[in-house]
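Single-structure report; data block below.
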Amino acid sequence: MRTQVAIIGAGPSGLLLSQLLDLAGIDSVVLERQSRAHVEGRIRAGVLEDQFQALLRRAGVGARMDAEGQIHDGIAIARGDRSLRIDLAGPTGGRRVCIWGQTELTRDLFAVREARGGAVLDEAADVALHGIGEERPWVTFRRGGVEGRIDCDFIAGCDGFHGVSRRSIASGRLETWERVYPFGWLGVLSETPPVSPELIYAGHARGFALCSMRSAGLSRYYLQVPGGTDPGDWPDARFWDELRARLPEAAAAALVTGPSIEKSVAPLRSFVAGPMRHGRLFLAGDAAHIVPPTGAKGLNLAGSDIHYLSAALIAWYGTGDTEGLEGYSERAMARVWKAQRFSWWMTRLLHRFSEDPPFDRRLQAAEFDFLAGSQAAQAALAENYVGLPY
Ligand code: FAD
Ligand code: PHB
C-alpha cells in the first residue's frame, strides 16, 4: 500500500491531521492499535480553547460542538472557603472556552473520516517505523493475522505517550524533560446536574478537587489522590463525601450526587521530548509532550501541533516550500513550553504537596492572595486558560 502521509494513532491528533490533509487533497492512512469502539469510549479532556474550536470548524467537525457544547466565559478558583471568579472573556477581548468532551470530538472525527472514505485501520498490531532518515520511509504492521506495509513520504507520530513513534528515534537524538508528581486524579462521571454552571478548581488542605461537566445532566468531578490509588478503594459514597469536604461551603451544599458511570485514576506528569522532527518523522500531541491536566491544556496542545504540522505538509505538497516542515519543531515546542509553565503553575497553586515545608505552604497561600487581589494576575491566568496564540 502507498500513501502520502502515514499517521500512527487515531486519537484527536491523528484523526484531525488526516482530516485536514484530506481537505487539502493529501492522502493519508491512519494506523490505530486499539479498536474504534475502545478509542471512542475513552473519557478524557473536556475544555477546548477558542483557537482549537476554530480549527475544528475549519476541519468540518464543528457543527455538533457548536450546537451542543457549552461556551464558558469564566471559571472559579477556590481555596478552602474562599472562591474567586476569573473572568476569561473580559481581559482577553471576548475569547471563551467551550465545554465539549474529547469523547464526542473523537466520535465526530471518526464519523467524518468514514464519510469521506478515509483509511483508518484500527486493531493494527506491531506497528513499526522504518527509514525515517530516508526520503521514502515505510511502516509495517499486522492486522487480522495479515502482515501489512505502507510506503509513504512522511510519518506523523500521533500515538500518544505510550506509542511506538517516539521510541523509534535513535537513542541520543532525542532530549527529554520530565517531572512526575506523587499524586494522580481520581475522576468520576455521573448523570447528575453540575454543581455550578462554571468549572470550580478547588485547592484544599485535604487535596485538590475539580468540578467540571459535559452537559446539563452530566458532571465530571476529580479528586487529587496519592499515586498508585486503586479506584476500587473509592466507592461512590466515599468519593462524594471527600469531594464535599474539599469544596467551598456553598458549593458543597449544592452538590447533587448519584451513581458514578465511570471512575478511573490518571497519573500526573509533565513531559517534553524534542526535537519533534526526525528526518521524515514528525511527533505531535501526547507522543511528544504530557501536561498535568490542571490547566486543561493536553488536548489543546495536540490541536496546536496539528495546526502547525498540517499547514507545513500542505505547503510542502502545494509549492515544495520546506520552511514549515523545517520550523515545525521549534514553533510547536515554543508553545508547548509555555503551556507546560502554565500547567505546572496551576498544579502548584492548587494541589497539596505533602512534602512541602511550611515555607512553601505559605508561598502557596500568598500566591492565591496575590491572584485574588491583582487584576493583572487574573488577566494572565485568563490569557493562558483561553490559549496563547498559534
Ligand atoms: P492520544 O489521545 O493518546 O491518542 C493516541 C492514539 O495512538 C491512541 O488511540 C492509542 O491507542 C494509539 N496508539 C498508541 N500506541 C500505538 C501503536 N503502537 N500503534 C498504533 N496506535 C497506537 N487532557 C486534558 O486537557 N484534560 C483531561 O482531563 C485529561 N485527562 C486525561 C486522562 C487520561 C487517562 C489521559 C491518558 C489523558 C488525559 N488528557 C487530558 C490528555 C488528553 O486526553 C490528551 O492530551 C489527548 O488525548 C492527546 O491526543 P493525542 O491524539 O495526541 O493522543
Ligand atoms: C474535564 O472536564 O475533564 C476537565 C476540565 C478541566 C481540566 C481538566 C479536566 O483542567
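Atoms considered below: every heavy atom in the structure, side chains included; atoms not considered: hydrogens, waters and symmetry mates. Numbering of ligands and ligand atoms starts at 1, following listing order. These numbers come from a predicted model, not from an experiment.
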[X] near ligand 1, heavy-atom distance under 4.0 Å?
X      : answer
Arg42  : yes
Ala296 : yes
Trp185 : no

Below 4.0 angstrom, N of the basic side chain to O of the carboxylate: do [X] and [Y] qualify?
X      : Y      : result
Asp356 : Arg361 : no
Lys338 : Glu383 : no
Arg85  : Asp73  : yes
Glu40  : Arg36  : yes
Arg57  : Asp66  : yes
Arg113 : Asp108 : no
Arg2   : Asp153 : yes
Lys263 : Asp236 : yes

Protein heavy-atom partner closest to [atom] - residue, atom, separation in Å:
atom                    : result
atom 6 (C) of ligand 2  : Tyr201 OH, 3.3 Å
atom 3 (O) of ligand 2  : Tyr222 OH, 2.6 Å
atom 14 (C) of ligand 1 : Asp159 O, 3.1 Å
atom 51 (O) of ligand 1 : Ser13 N, 2.9 Å
atom 23 (N) of ligand 1 : Ala45 CB, 3.4 Å
atom 34 (C) of ligand 1 : Ala266 CB, 4.0 Å
atom 8 (C) of ligand 2  : Pro293 O, 3.4 Å
atom 49 (O) of ligand 1 : Pro12 CD, 3.6 Å
atom 41 (C) of ligand 1 : Asp286 OD2, 4.1 Å
atom 6 (C) of ligand 1  : Glu32 OE1, 3.6 Å

Side chain, backbone, both or neither: the part of [X] lying under 4.0 Å from ligand 2 by heavy atom:
X      : value
Ala296 : both
Trp185 : side chain
Thr294 : backbone

With heavy-atom distances below 4.0 Å as the criterion, list the atoms of ligand 1 near [X].
X      : value
Val164 : 18 (N)
Gln102 : 2 (O), 42 (C), 43 (O), 46 (C), 47 (O)
Tyr222 : 28 (O)
Cys158 : 5 (C), 6 (C), 7 (O)
Gln34  : 11 (O)
Lys297 : 25 (O)

- request: Just go through Arg44, His38, Arg33 and tell me whose heavy atom is the nearest to atom 36 (C) of ligand 1.
  value: Arg44
- request: Ignoring hydrogens, just give me the one of Arg214, Gln102, Met213 whose non-hydrogen atom is nearest atom 1 (C) of ligand 2.
  value: Arg214
message: With nothing but distance in play, are any N or O atoms of Tyr385 less than 3.5 Å from an N or O of ligand 2?
response: no
query: What atoms of ligand 2 come within less than 4.0 Å of a heavy atom belonging to Val47?
result: 5 (C), 6 (C)
message: Closer than 4.0 Å to some heavy atom of Arg44 - which atoms of ligand 2 meet that?
response: 3 (O)
field: Flag, side chain of His351 to backbone of Thr347, donor-acceptor distance under 3.5 Å
entry: yes
message: Taking Ile99's backbone N and O only, do any of them form a donor-acceptor pair with His72's side chain (distance below 3.5 Å, no angle check)?
response: no
message: Measuring centre to centre across the rings, with the benzene-like ring taken for any Trp, is Trp177 within less than 6.0 Å of Trp337?
response: yes
field: Taking every non-hydrogen atom, the tightest pair across Ser270 and Gln340
entry: CB-OE1, 3.6 Å
field: Verify atom 43 (O) of ligand 1: protein non-hydrogen atom under 4.0 angstrom away
entry: yes
